[in-house]
Visitor: 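Can you read through this structure? Questions will come right after.
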2 protein chains.
Amino acid sequence: MPPKVKTSAEKQAVRTAIMDAARELFIHQGVEAVTMRAVAQRVGYSATSLYLYFGDKEQLLRAVVDADVIKLAQALKSTLNISDPLQRFLQFGQHYVQFALTNPNHYRMMFMTQHPPCDPALSSIEQNNPEQDAYSQLIGVVTSAWHAGVFKPTLTDPALIAQTIWAAIHGLCALQINLADDAWINWRPLEARVQAMVEMCMYGLMKETPHE
Amino acid sequence: MPPKVKTSAEKQAVRTAIMDAARELFIHQGVEAVTMRAVAQRVGYSATSLYLYFGDKEQLLRAVVDADVIKLAQALKSTLNISDPLQRFLQFGQHYVQFALTNPNHYRMMFMTQHPPCDPALSSIEQNNPEQDAYSQLIGVVTSAWHAGVFKPTLTDPALIAQTIWAAIHGLCALQINLADDAWINWRPLEARVQAMVEMCMYGLMKETPHE
DNA sequence: ATTTAAAAATAACAATGTTAAGTTAACGAC
DNA sequence: GTCGTTAACTTAACATTGTTATTTTTAAAT
């Protein structure tokens, strides 16, 4: 029963209702639980109606994840005004790991699964906007630490430093998310692995060990 | 037309034929291309016959990947008799990265996708057999380097060292495999990133920079 | 020759993403 | 006020998937 003529605000509301329903399934049961029919049922529509709001399932999922990518950027934002560049840097990493491990399904979706190549022009995320783009935040944090003379003098490319740190931290998070319960590996406690990784990065990249 | 009574060697041959067909699809078109029907067609059987040889699709895929996990272990084995512990260590890492990046689909399957928790008792891979178990190889390589006094004296747990290095290298491989074409990131050249990662690990973990 | 059971195929089911074809009802035009 | 028009939505339907149930074929065993 279509009460017809929806203002564009109402349409937007339906869109986000769909996204919320999808997110609910997504977070608690993983991406395989997100079927068009299940999402539709939760939102009180028929499955085919979702196609009035999203081109296909991939676009729906992308929209959900994009929205939460922005949440990541906002979670990290709180660390950006720590005045000491080194502390800012460390807190940034800390928050990143925490986001990854408390939102494993989102993290998986962002960085651990194949996607059609992402076209920044089509994304809902504004590239280089530090409010939304966590990668540009990382570049910023590393660059300012670099200007502060924190890194070894042989390291001359902040982007390369950033990509190396990101890879290392990502590896930690990714293995934890996917293989934490793997009986094959006799994992050391997570906290120990985090600390070991942080120390490795610091000793490996920085001029001298910081105050402690 | 079933010519009946297959010797167990013949049955094994069919099994590996199925696995080879699956691998072919898997390698060149990714895991989504591996449908039971497609595999069956390649091997000249009907789809349902595959269930005579594998319990379900997951088990088939697992068998394929397990076989190639053993190949990884054998590729790494060649580095195990390098006499200098440090060189052995470095070559081991080099070969690991090379395997990951030349077999991205296998690597994805091994370490980048969700699995039902792996029970070592049911695996075709023999845990702790250095011929088959790459993880135990890693532990061995790190432990011997540790005994050789290569690492900083504050590092007292070879398993923790190994897990940290693995995570770092894995992060490098995983990001390359999934996000290499992502226009969002202005990636530095792969070689530069590999070298930066290796250097970070070495300066971060080792007592002193090696001969050069 | 008849029976038996292994080896395979065909038919069929349920779930999924998606498209095509209706259905309902609010609005504008006369 | 009646009558299209069309937005908003639903129901049917299709193709593809993994998988099971049922049936067929055929080499061997008796």
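Here is how names work: the chains are called A, B, and so on, in the same order as the sequence lines, proteins then strands, and each is numbered from 1. Scope of the values below: all heavy atoms of this structure, side chains included, with no hydrogens, waters or symmetry mates.
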Visitor: Base, sugar-phosphate or nothing for B:V34? Non-hydrogen atoms, less than 4.0 Å.
Guide: sugar-phosphate
Visitor: Compare the minimum distances between each of D:dC9, D:dT19, C:dG17 and the side chain of A:M36, then state the nucleotide with the smallest one.
Guide: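 Nearest to the side-chain atoms of A:M36, counting from C-beta on, is C:dG17.
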Visitor: By nearest atom, which of the nucleotides C:dT18, D:dT20, C:dA8 is closest to the B:Y51 side chain?
Guide: D:dT20
Visitor: By the definition side chain to side chain contact (heavy atoms under 4.5 Å, CB included), identify the one residue from A:T113, A:V31, A:N178 that meets it with B:Q114.
Guide: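 Checked A:T113, A:V31, A:N178 against B:Q114; only one passes side chain to side chain contact (heavy atoms under 4.5 Å, CB included): A:N178.
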Visitor: OP1 or OP2 of C:dA8 versus the side-chain N and O atoms of B:Y53: is any pair under 4.0 Å?
Guide: yes
Visitor: Residues two or more places apart in sequence or in another chain: which of them pass salt bridge (charged side-chain N to carboxylate O under 4.0 Å, His left out) with B:R88?
Guide: none
Visitor: Establish whether the base of C:dT18 is bridged to the side chain of A:T48 by a donor-acceptor pair shorter than 3.5 Å.
Guide: no
Visitor: To the nearest Å, how far apart are A:D56 CG and C:dT16 C1'?
Guide: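 Rounding to the nearest Å, CG of A:D56 and C1' of C:dT16 are 14 Å apart.
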Visitor: For A:R37 and B:S49, find the nucleotide of DNA chain C closest to each by heavy atoms; which residue's nucleotide sits nearer the 5' end?
Guide: B:S49
Visitor: Atom CD of B:E32 to atom P of C:dT16: distance rounded to whole Å?
Guide: 18 Å
Visitor: Could you check A:V14 against B:T35 and say which one's nearest nucleotide on DNA chain D is further toward the 5' end?
Guide: A:V14
Visitor: Rounding to a whole Å, what distance do you find between B:R15:CZ and C:dA7:C1'?
Guide: 16 Å
Visitor: Mark yes or no for whether A:Q163, through its side chain, and B:N186, through its backbone, hold a donor-acceptor pair below 3.5 Å.
Guide: yes
Visitor: Which donor-acceptor pairs under 3.5 Å do the side chains of residues 12-19 of chain B make with protein atoms, sequence neighbours left out?
Guide:
residue : atom : partner : partner atom : Å
B:R15   : NH1  : B:Y53   : O            : 3.0
B:T16   : OG1  : B:A13   : O            : 3.0

Visitor: What is the distance from CD of B:E58 to C1' of D:dT17, rounded to the nearest Å?
Guide: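 Rounding to the nearest Å, CD of B:E58 and C1' of D:dT17 are 16 Å apart.
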Visitor: What integer distance in Å separates B:E10:CD from C:dA7:C1'?
Guide: 12 Å
Visitor: Find the distance B:L50:CG to C:dA9:C1' and express it as a whole number of Å.
Guide: 12 Å
Visitor: Does B:G55 reach a base, just sugar-phosphate, or nothing at all? Heavy atoms under 4.0 Å.
Guide: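 No contact at all - B:G55 keeps every heavy atom at 4.0 Å or more from the nucleic acid.
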Visitor: Quick one: A:Q41 CD to C:dA15 C1', roughly how many Å, whole number?
Guide: 14 Å
Visitor: Flag the pair A:R23 and A:D68 as a salt bridge only when some basic side-chain nitrogen lies within less than 4.0 angstrom of an acidic carboxylate oxygen.
Guide: yes
Visitor: On the side chain of B:S46, is there an atom forming a donor-acceptor pair with the base of C:dT10 - under 3.5 Å, no angle test?
Guide: no
Visitor: Is the phosphate of D:dC9, meaning OP1 or OP2, less than 4.0 Å from a side-chain N or O of A:Y45?
Guide: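 Looking at the OP1 and OP2 atoms of D:dC9, one of them is under 4.0 Å from a side-chain N or O of A:Y45.
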Visitor: Could you check which of D:dG18, D:dC9, C:dT16 has an atom nearest any side-chain atom of A:K57?
Guide: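 The answer is C:dT16, which lies nearest to the side chain.
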